[in-house]
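Here is the structure we will look at, set down as structure tokens.
Residue indices begin at 1 and follow the sequence shown. None of the values given here were measured: they were computed from a predicted structure. Note: hydrogens, waters and symmetry copies are ignored here, and every other heavy atom, side chains too, is used.
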Amino acid sequence: MVSDPISVTVDLICHIESTLGRDEIEAVVLGVAGGRAKRRKLAQALVERPTVLTDGRSPGPRAVGDLLIALVRAGATTTSLPRCAECGKALQTLQRRGEDWYCSVCGPIRKPCAVCGEERPVDRSDRDGRPRCRRCPPDDGDPTQVVVEVVAVIDPALPTEVVAEAVKAAATQPSKRHQLAWAVQDRPDLLTGAGAEASTPSVLRLIDKLCDAGATGIVRPPCPGCGRVMSLHRKIKGRWLCRNCVAKSRAQPCSGCGRIREAAARDQAGRPLCPDCLVSDPANLEHCVNCGRRRVVSTRTPDGPLCPGCPPLPTLTCSICGQYRPCGISRLTGQPWCPSCQNRSGRCVGCETLKPIRSGTLDQPLCQSCTVVAFPDCPTCETSPRAGQCPHCRLHLRLRELLTGPDGATHPALRPLEQDLAATDPPGTALRWLSKEPVATVLADIAAGRRQLTHAALDELAPRPMIAHLRSVLVATGTLPPRDEQMARLERFLDDALSTQTDPGQRQLLHHYAVWHLLRRLRHRTNGQAATHEQVAVVQYQVRGAVVLLDWLNAQRLTLATCGQADLERWLSGDHTSCHRHAGHFVRWAARQRLTTLSFPATRWQGPTRALDDQARWDAAHRLLHDDTLPTRDRLQLATELPAALLARMLGIHIDVAVAWQHISAGDWTTYAADVSRRDPRPALEGRSGKENGSA
């Protein structure tokens, strides 16, 4: 496998082409081969047959033909245009059949026309799939008018002009418009919920256009895989599925890590690779422009790729070479220096030895030892002097830059944060955190008065992990008051779930169930305490189940009141098995509210899913010991199973209390020895002798 496809391709072209410079050739190659896989395919084809650059003959991938055309247009003289595989004509545009290139005359497939019988290029197929030439178009009328008539039966209130415009937007080519008309004419139910079974994607586009135009009888189809009403991505086994279900249907073991995931690409042997293994494959590693190491690409900049360990650099004037380019800040001098100068070596003007350059200029470079002499210690730091600005001083400077308001003083509300960050040890941790773009921007906006220091103001930002961490830091330092983050996350989830319901009646029903029942019950259970992740997850599962069921009812033109038990059983036997158990809670709630007559079997609770921690166990034990309102039978049942001495040591109670508990629970262990002595030993001996005789 070619490890550096761009360099390989450029080297092969430079070997034969002297008219263009290397930079011009590299720009053409990058413009033609955009993706990683396409670059490798292009380079591999040129390595296997480099003569294609001069003869222009196929077979070859499409990228090779596009590269030849782009090179000639850029001014290449030695490079040949691609040539037709049949007539040899030089091509400015390509038509392909397999790996061969053809001109517009030789390219189209020729078959006998189903009407005139002459062998001509196939223009389209008729309703039965037979070939038609350009002179013999289908004779079944105007396809736009056919679709208009079908839609008029389903939604008479929709204007004819709106439907006609939707047809033209959904199928721009005449042949595609005929396919659309044939599909909806044969199956009008495709427009009322069964669109996932459409034979052509133009049906789905037509449904979207009509719904956007205000159609009430046209129904967007739910995904057959998950039941959600969303954009359908690709056709799998005769049905259009959403993006997530397509990924699940294509999941297979990765040849690299073994995890079952959708393949992002395939290796040289044709084995699947997941996205993680693809980016970490040695063939996909590139040299970082900052550190120079060959690593995974995290960010692409105009100057080149950056690895995950090298964040994007600000564009500054380098203190060594004087060029205006992306630069880091030297910890030794506190001045900007570019990645190239960080890797330069030269003869130091101070000690006259050949060492890495750390300061000075290209004409008068200084090594690290001479730089320490040239730059005095930080005058404001006496505890740990260091050349240039020490990390503590740079941290204080950064805090002043971010947290100072228009009056020149630190924002009063941000002073607790400033004090805690200034005391960070080591200070580099706080400096790296403050250098992250979301943190620096939000803090600067708060200090300048452009954003309020409230939870609501942070909620307006895009939900990102860095924003959540910033919020937790502000709460931990006392800058923001604490709040129940799990409950806030649940409220945002409920708002999003309600916004997906377009029907006002179903949206109101879901609001009553999710907000007035589930959320209110959770608040009552928490009783002012913070909700746990598991509690919020249960509510989310139940709401998702309700949404899936309501979407299915809407697609079937049903409601909870009109849905029969047979309809519910039909849904339960469908493809929504992951939502059945959670939707059952919604159905039972609706039945209690007399909104439906449906019955849904309850799921028996099997006990807690995880073990109690030690503190919870002790709390329960003390409650059972001292709470007189609980039934005596439930308070430590354990006294009937353990001796009093062991029970007292385990629970930390007096031995007399343990004996009293045993008497109350009818578990007096003091008579155990006497009971054993009074037992008749003969049955045991007879049983033992019987076993011995049997074994003999």
- Query: What do the steps show when you test Q593 against H517 for side chain to side chain contact (heavy atoms under 4.5 Å, CB included), and what is the final call?
  - Reply: CA-CA 11 Å; Q593 302 296 322; H517 176 62; 5.9 Å; no
- Contact summary for V536 and R489, nearest pair of heavy atoms: CG1-NH2, 3.7 Å
- Query: Quick one: do R220 and D551 make a salt bridge, cutoff under 4.0 Å?
  - Reply: no
- Between W571 and W552, how do the two ring planes meet: parallel, tilted or perpendicular, split at 30° and 60°? tilted
- Item | Backbone of T216 reached by a side-chain donor or acceptor of D155 within 3.5 Å | yes
- Minimal non-hydrogen separation, Q452 against I446, with atom names: O-CG1, 4.4 Å
- Please assess D459 against R471 for the test side chain to side chain contact (heavy atoms under 4.5 Å, CB included), listing each intermediate value before the final yes or no. CA-CA 10 Å; D459 290 338; R471 188 197 303 272; 2.8 Å; yes
- Item | CA sep, side-chain torsions, deciding dist, call: L553, T559, side chain to side chain contact (heavy atoms under 4.5 Å, CB included) | CA-CA 6 Å; L553 291 175; T559 63; 5.9 Å; no
- Task: Could you tell me which non-hydrogen atom of H455 sits nearest to which non-hydrogen atom of P482, and how far apart they are?
- Result: NE2-C, 4.5 Å
- Message: If the threshold is 4.0 Å, N to carboxylate O, is there a salt bridge linking R205 and D208?
- Response: no
- Heavy-atom pair with the smallest gap, counting every atom of T596 and L560: OG1-O, 2.9 Å
- Closest approach of R187 and D189, non-hydrogen atoms and distance? NH2-OD2, 2.9 Å
- Inter-residue atom distance M230.CE - C245.SG, 0.5 Å rounding: 8.5 Å
- Task: Using the side chain to side chain contact (heavy atoms under 4.5 Å, CB included) rule, pick out the option among R261, E262, Q252 that qualifies with C274.
- Result: R261
- Going by the angle between their ring planes, with limits at 30° and 60°, are W589 and Y513 parallel, tilted or perpendicular? tilted
- From CZ (R398) to OG (S435), nearest 0.5 Å: 7.5 Å
